[in-house]
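These notes are about the structure you will find just below.
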Amino acid sequence: MNIFGIVIDPAIVNFVILVIQCIVWIVALLTTFAYIQLVERWTIAKIQVRIGPNRTGPRGLLQPLADAIKALFKEELIPSNADKLVFVLAPMISVVCALMAFAVIPVAPPITLFGVEIPMQIADVNVAILYILAIGSVSVYGTVLAGWSSNNKYSLLGSLRAAAQLISYEVTLGLALVGILMLTSTLSLNGIVNFQALNGWLFLPQILGFCLYIIAAIAETNRLPFDLPEAETELVAGYYTEYSSIKFAFFFMAEYINIITVCALATTLFFGGYLSPFHGVAALSGIPILGWDGIWWFALKVFILIFGFMWIRGTFPRLRYDQLMNFTWKFMLPVALLNILITAALIIGLSWQNGSLALR
Amino acid sequence: MSQFLWLIPALPLLGATINLLIGRRLPRAVSCWLAVAAMAAAFGAAVGAFLELLALPSDAQVIHQTLYQWVTVGKFSVDVGFWLDPLSAIMILVVTLVGTLIHIYAVGYMEHETDYARFFTQMNLFAFMMLMLVLADNYLLMFLGWEGVGLCSYLLIGFYYNRDNTAVGTDEKFLSPRSSGTKAFVVTRIGDFGFTLGIILMFWTFGSLSFGEVFHGAETMFQIGAPIITIMTLLMFLGATGKSAQLPLFVWLPDAMAGPTPVSALIHAATMVTAGVYMIGRSHVLYELAPATMAVVAVVGVLTAFIAATIALTQRDLKRVLAYSTVSQLGYMMLAMGIGAFSAGIFHLMTHAFFKALLFLSAGAVMHAMNDMVDMRRLGGLRKILPITFWTFLIGALALAGFPLFSGFFSKDEILSSAFTSGNVALWVVGVVTALLTAFYIFRAVSLTFGGKPRWKVGEVVTVQGAVASELDAHAAKGLHPHEAKWVMTLPLILLALGALFAGFLGMPAVLGENRLARFLEPVFQHETPHVSAELEWLLIGISAAAALVGIFIALRFYRGDAKTPARLAAYYPSLYKLLLNKYWIDQIYDALIARPGRWLANAFWLELDGKIINGIADGLGNAFRGFGNSLRSLQTGYMRGYALAMLIGVVVVIALLVMR
Amino acid sequence: MLTVTHFTVLSAILFSLGALAVLIRRNPLIMFMGIELMLNAVNLAFVAFSRFMENMDGQVFVFIVLTVAAAEVAVGLALVVAIFRARDNVDMDEIDLLKG
Amino acid sequence: MSGDYFPLFVMLVVSVAFAAIGVGVSALLGPRRPTAIKGQTYESGMPSIGTARRRVWVRYYLVAVVFILFDIEIIFFYPWAVVFRQAPIFLLVEMLAFVTILLVGYIYVWRKGGFDWY
Amino acid sequence: MDFGVFTEALVFYLFAALAVLAALGMVVARSPVRGALSLALVFVALAAMYILLNAPFLAVAQIMIYAGAVLILFLFVIMVLNPRTDILGARSRAQTLTALVFAGAFGLLMVIVLTSGQLAPPTGKFPPQVVAAQGHTEVIGALLFTQFLLPFEIASMLLLIAIVGAMVLARREKGARKNIEG
């Protein structure tokens with residue numbers, strides 16, 4: 001490439017684009033986090049018939065900015081008998097995991113900018129679903145270490161509860177997605193979206209899997225009605241009782257980015273990802289909105305799902321911890337296996353009908 | 001289908017596994033019928049395999065399936081493989097069919113038993129082992145099944161391990177189930193020791209244990225009468241005397257009656273005890289090369305038949321009469337093997353499986369009705385109360401007695417006529433006398449059990465000697481209210497009765513029809529039936545029939561009503577009566593001759609030889625080494641790290657040496 | 001170009017470090033981690049050989065090792081938990097049950 | 001092929017940098033006046049007794065064990081699922097055998113009260 | 001200079017250094033939690049190695065199982081037990097020294113062996129391009145469920161035994177709860 005007469009190796013250009021892309025992604029996620037969080041406060045306020053943030057900026061629109069500034073400037077408190085290194089590392093692990101998980105989600109088909117084709121996902125890897133699960137399992141560290149390093153009994157219990165809950169629901173989460181893979185035969189998210197482009201959304205054939213996924217996702221993100229680890233009436237504030245300033249903000253950030261990620265993943269897996277709902281309808285195809293209609297459709301679907309999360313938070317009461325654990329181990333797990341069996345039967349039935357049943 | 005030969009043993013194994021793992025948690029009905037279903041499925045598979053075998057041309061009637069290589073040590077290699085030829089086909093059909101019926105029966109028989117899962121696990125496991133035994137394509141796998149059935153037999157004889165006595169309402173002393181199981185195990189172990197030696201010798205001689213290679217080697221390498229073959233076959237026959245309860249090792253079988261009756265029927269009458277006969281039939285190539293062994297087999301067989309029959313004359317326990325009759329009939333089969341009439345022996349094995357299982361199960365139905373009472377002196381008059389049981393028992397008895405046209409008649413007659421035509425008139429004479437005795441004792445049992453007037457009262461509480469009434473279970477405490485059993489028990493009886501009635505027509509003598517069974521078995525035994533003139537054949541048939549009829553007649557005369565003849569006879573020949581009643585004192589003789597010296601010897605070894613001499617040497621050596629050991633003790637710290645470090649040092653040294661080289 | 005030696009040498013180093021952790025640490029949990037490290041080092045060698053031999057057997061083997069490691073950790077740590085609850089002790093140098 | 005994963009590496013570096021900068025900036029900007037009281041842990045306003053370095057209920061360990069085993073199951077399920085359409089019946093039977101055996105353990109844990117959180 | 005080769009080497013050395021340093025950190029960590037954290041870093045670095053070796057499925061499996069499950073179990077055990085003594089080194093100094101010497105010798109020897117050896121020529125059954133085209137997960141799956149079916153089924157047995165063993169070992173008393181609870 002030739003810029004201002006200097007010849008630059010295209011590999012380096014790609015690298016620079018990549019770095020910029022990563023930064024853009026992080027900034028975008030943070031902004032989304034900030035405003036989703038604001039919208040949630042509004043929504044919950046509406047549900048509970050209160051007003052919600054409305055002072056900072058017009059209608060409270062600058063509230064997130066104020067929160068960010070406050071987080072940066074507050075005094076950090078580290079308990080004197082805490083393991084300081086681990087104490088600082090824990091929120092970093094949480095937030096890095098949250099950011100990393102989103103990296104494989106395709107938010108739109110590749111777009112062309114300044115003559116360079118840019119994929120609208122950081123990495124198109126062919127083990128994407130497993131990758132997200134793996135990152136999810138690593139993010140448990142943030143929780144466990146936060147509670148342990150604080151040297152606070154409430155934190156420890158909160159973190160153990162949270163970790164036990166996370167790993168328990170991770171099993172269901174992992175199993176709930178197997179049905180999708182059986183249908184699409186690929187782990188690549190782009191592959192799954194393309195599959196849906198040809199065969200329609202996977203929401204219908206995988207309705208059971210979707211329900212399991214959403215329940216597990218709510219639990220994985222520690223949202224009501226599964227927010228026991230931070231049940232303030234029982235455990236002060238759970239594993240981040242001792243956290244303050246930016247480190248507290250990191251946990252908060254990680255939580256909301258995780259919500260975005262699980263909703264984005266649900267969109268990709270069950271609702272056709274960035275595809276238009278009218279995909280395949282000739283009359284309606286090709287109505288570009290700013291030429292980037294993929295992003296808008298994606299954002300719309302994700303936001304609808306997130307709004308569902310808020311709604312659930314506003315309406316459901318909290319479970320008891322034993323109910324929570326029983327629910328996943330004794331109910332969700334068998335149902336997830338059942339879902340796999342149903343999907344298998346579906347595939348066998350369909351291929352039998354097509355006469356393409358391969359017997360080995 | 002031939003690829004699924006393994007299914008035949010695998011199905012009962014599956015049943016056993018399921019019952020073993022979760023049988024206790026399953027409802028009774030599921031657990032029981034699962035076991036039945038496993039057997040029935042095995043029977044179905046066996047029929048399938050049989051039909052496939054039939055479809056093959058008669059000169060190549062062998063299905064051979066190798067599953068995988070089991071053992072490979074140097075030159076020694078053994079496969080897990082199955083071998084289906086007409087002989088094993090007959091065996092699997094008999095085992096699975098009779099086994100299925102007995103399993104069905106057991107569902108009813110064991111319905112008051114809480115430990116049903118253990119029972120059906122062991123029954124299915126037994127069926128698996130038995131099928132391995134008969135389907136094996138080599139001696140080692142056969143030996144696995146052989147030992148496996150022995151184990152199951154031990155377990156099942158001792159099924160009521162917490163009871164001291166199972167013979168209800170009698171004043172006789174019997175071994176407890178525990179001791180009976182141990183006795184069976186130890187006695188058959190003596191035989192198995194011989195069998196093991198035989199197998200080792202076989203491997204040493206032929207370098208292989210698979211049937212094909214051994215038989216081929218025997219046919220090509222040895223002349224008739226080769227001493228090594230004679231020794232080998234004698235050793236293997238020792239195994240057969242243990243498993244098939246022949247002289248001198250038959251003593252365990254009567255005591256094995258301590259197990260539940262379906263076990264007696266399945267293991268100690270129909271299947272396992274015939275393993276020895278099967279083994280000899282399977283090894284007939286070897287046995288035909290050893291005429292001396294054949295003679296031993298024949299003599300042992302006929303003597304066993306005779307002696308067991310005489311003991312059976314005086315026994316009071318219904319199941320023991322049947323047990324001795326089993327020993328006696330096994331003697332007949334051995335006789336057939338010994339005189340080279342292999343297919344006749346297998347024929348008798350098959351008919352015997354039907355009618356003896358039938359007799360045992362009917363006896364079990366009697367016990368079921370009479371709260372486990374088996375002492376015939378206290379039975380009687382059951383004909384009207386248990387009509388189905390009576391008729392089925394009668395059919396079984398007629399078949400056992402050799403009543404013309406019943407199955408036992410044909411098979412026994414074939415053995416006897418073979419004995420006669422093979423030139424051993426002495427064997428034939430003893431055989432005929434035994435046949436008469438057989439007819440007598442079995443009809444004695446029929447009369448005492450079903451005929452006459454009841455020698456018991458309704459509502460009478462019968463107990464094991466010494467037991468207190470409060471120890472009885474609720475059912476037994478209510479006293480005697482005999483009634484016919486449910487259909488699960490009577491249905492197998494009826495089916496087996498049909499078998500006992502008609503199985504004989506498979507092997508009719510030449511003058512009456514055609515011996516289909518012998519022809520079916522011909523590819524295995526290549527046995528030419530000696531041509532006999534029709535007159536002689538008719539004569540022999542007549543003599544057998546007459547022996548049976550005379551025996552039945554005498555028994556019915558003696559025991560009709562409350563005839564005094566038997567008692568008078570017993571009083572007239574007190575010593576003979578005592579001799580028979582006490583089974584020739586064989587148990588006591590064994591105890592005095594073998595068990596007690598053995599114990600003494602063991603004690604001597606333990607206290608004197610081991611305690612003083614060997615320990616003295618060992619202590620001396622030990623003291624010498626202790627000094628040395630003390631110096632090494634610092635290495636043995638007990639800390640894991642030390643050991644791990646030592647390992648690492650060793651690894652480093654070895655790698656270093658390898659790198660230097 | 002990366003060659004198989006790059007990876008196997010790394011694997012050897014990690015293996016030695018894992019062995020070292022087993023040998024010099026008294027805390028059984030860290031010793032256990034050392035064992036895990038050794039397993040992982042071997043896995044790395046497996047994958048490296050598999051990749052450069054262009055044969056997948058090694059990778060499937062790693063997969064099985066993964067399972068074995070998980071089972072081993074479950075039972076091994078259960079043992080540690082059981083011992084600790086019985087002895088209230090964390091020092092492997094005081095556990096000499098292997099002593100004859 | 002490994003090139004596909006390079007962006008993830010870059011993303012990792014960038015997000016770690018972001019987290020580190022966040023912590024660093026906050027540490028620079030925020031005031032820091034530690035006192036003994038501030039250094040205490042917050043336990044609902046009550047003075048803290050002892051440390052949190054105590055043993056906790058072994059049940060947490062059991063949940064983690066069960067989780068490990070099911071995690072392995074998941075990791076076996078994924079390659080299975082992606083090749084499932086190549087030979088559905090064959091693979092279904094294989095997996096049924098696998099899962100059945102695991103379910104025995106699952107039922108064992110259930111029956112032994114491994115999931116009962118009281 | 002080929003940028004791809006350069007980045008590969010860069011990533012390799014970066015993660016190799018990370019792995020070795022983290023492993024060292026584990027060996028000398030006083031607190032078991034920090035040890036576990038170091039080990040987690042090693043696992044992540046090894047996952048990167050697997051990606052370099054064209055085995056992405058193994059890489060995520062590595063993170064999921066080792067980092068996400070095995071080490072979490074370690075952390076749970078650390079918290080369940082909360083061991084107090086964080087002593088470094090064996091009780092006997094001589095033993096520690098011997099261990100150091102021989103572990104070093106072992107590493108050195110292995111390096112000598114590995115650098116002097118020659119790898120057999122590739123079989124060519126699964127060259128990287130083929131694996132990439134078919135997808136690593138698919139290749140592993142196809143092999144696992146055909147050629148390696150027996151180990152796969154045995155794995156379930158192993159897991160069953162492990163779960164039963166762990167239950168029996170760890171769960172002795174039912175009622176007694178002298179520890180703090182959650």
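What you are looking at is a predicted structure, and each value in this text was computed from that prediction instead of being measured. Chain naming here is simple, since letters A, B, ... match the order of the sequence lines and numbering starts at 1 in each.
The shortest distance between side-chain heavy atoms of A:Trp25 and D:Val14 does not fall below 4.5 Å. Annotation: side chain of A:Leu18 is in contact with side chain of D:Phe6 (closest heavy-atom distance under 4.5 Å). In this structure the side chain of D:Leu92 reaches within 4.5 angstrom of the side chain of A:Leu341, judged on heavy atoms. Taking the side chain as every heavy atom from C-beta outward, D:Phe67 and A:Val140 never approach each other to under 4.5 Å. Side chains of D:Val10 and A:Phe15 form a contact here, defined as non-hydrogen atoms less than 4.5 Å apart. The closest side-chain heavy-atom distance from D:Tyr78 to A:Leu133 is below 4.5 Å.
Within the 4.5 angstrom heavy-atom criterion, no atom of A:Gln21 approaches chain D. For a residue to count as touching a neighbouring chain, one of its non-hydrogen atoms must lie under 4.5 Å from one of that chain's; by this rule A:Ile93 does not touch chain D. Proximity to chain A (any heavy atom under 4.5 Å) is shown, for D:Ala17, by neither the backbone nor the side chain. Contact of A:Val88 with chain D is made through the side chain alone, with heavy-atom distances under 4.5 Å. With a 4.5 Å cut-off on non-hydrogen atoms, A:Ile246 touches chain D through its backbone and its side chain both. Within the 4.5 angstrom heavy-atom criterion, only side-chain atoms of A:Val95, from C-beta onward, approach chain D.
In this structure, D:Tyr5 contributes its side chain and A:Ala123 its backbone to no donor-acceptor pair below 3.5 Å.
A distance of 6.0 Å separates NZ of A:Lys330 from CH2 of D:Trp110, quoted to the nearest 0.5 Å. Annotation: the span from A:Leu337 atom CG to D:Phe70 atom CZ amounts to 7.0 Å, rounded to 0.5 Å. Distance check, rounded to the nearest 0.5 Å: CG of A:Leu130 to CD1 of D:Ile75 gives 5.0 Å. Between the CD1 atom in A:Ile135 and the CG atom in D:Leu8 there is a gap of 8.0 Å [rounded to 0.5 Å]. The distance from the CZ atom of A:Phe250 to the OG atom of D:Ser26 is 8.5 Å, given to the nearest 0.5 Å. Between the OG atom of A:Ser159 and the OH atom of D:Tyr60 there is a distance of 8.5 Å, given to the nearest 0.5 Å.
The candidate from D:Val66, D:Leu12, D:Val82 with the greatest count of non-hydrogen atom pairs under 4.5 Å with chain A is D:Val82. Comparing A:Thr186, A:Val125, A:Ile180 by heavy-atom pairs within less than 4.5 Å of chain D, the highest count is held by A:Val125. Among the candidates A:Pro91, A:Ser137, A:Cys22, A:Gly179, the residue making the largest number of heavy-atom pairs closer than 4.5 Å to chain D is A:Cys22. Options D:Val109, D:Val25, D:Val23, D:Leu96 differ in how many heavy-atom pairs under 4.5 Å they form with chain A, and the most are formed by D:Val23. Contact count versus chain D (heavy atoms, under 4.5 Å) is highest, among A:Thr343, A:Ile23, A:Thr184, A:Leu175, for A:Leu175.
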Side chain to side chain contact (heavy atoms under 4.5 Å, CB included) between A:Ile340 and D:Phe84, intermediate numbers included: CA-CA 11 Å; A:Ile340 294 171; D:Phe84 181 75; over 6 Å; no
List the steps and the verdict of side chain to side chain contact (heavy atoms under 4.5 Å, CB included) for D:Phe77 and A:Leu181. CA-CA 10 Å; D:Phe77 253 121; A:Leu181 307 182; over 6 Å; no
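Between A:Met182 and D:Arg85, the shortest heavy-atom distance links the atoms O-CG, 3.3 Å. Here the closest heavy-atom approach between residue A:Gly174 and residue D:Ile74 is recorded as CA-CD1, 3.9 Å. A:Ile167 and D:Ala64 get closest at one heavy-atom pair: CD1-CA, 3.8 Å.
Along residues 97-105 of chain D, the residues that come nearer than 4.5 angstrom to chain A, judged on non-hydrogen atoms, are D:Val99, D:Leu103 in order of number.
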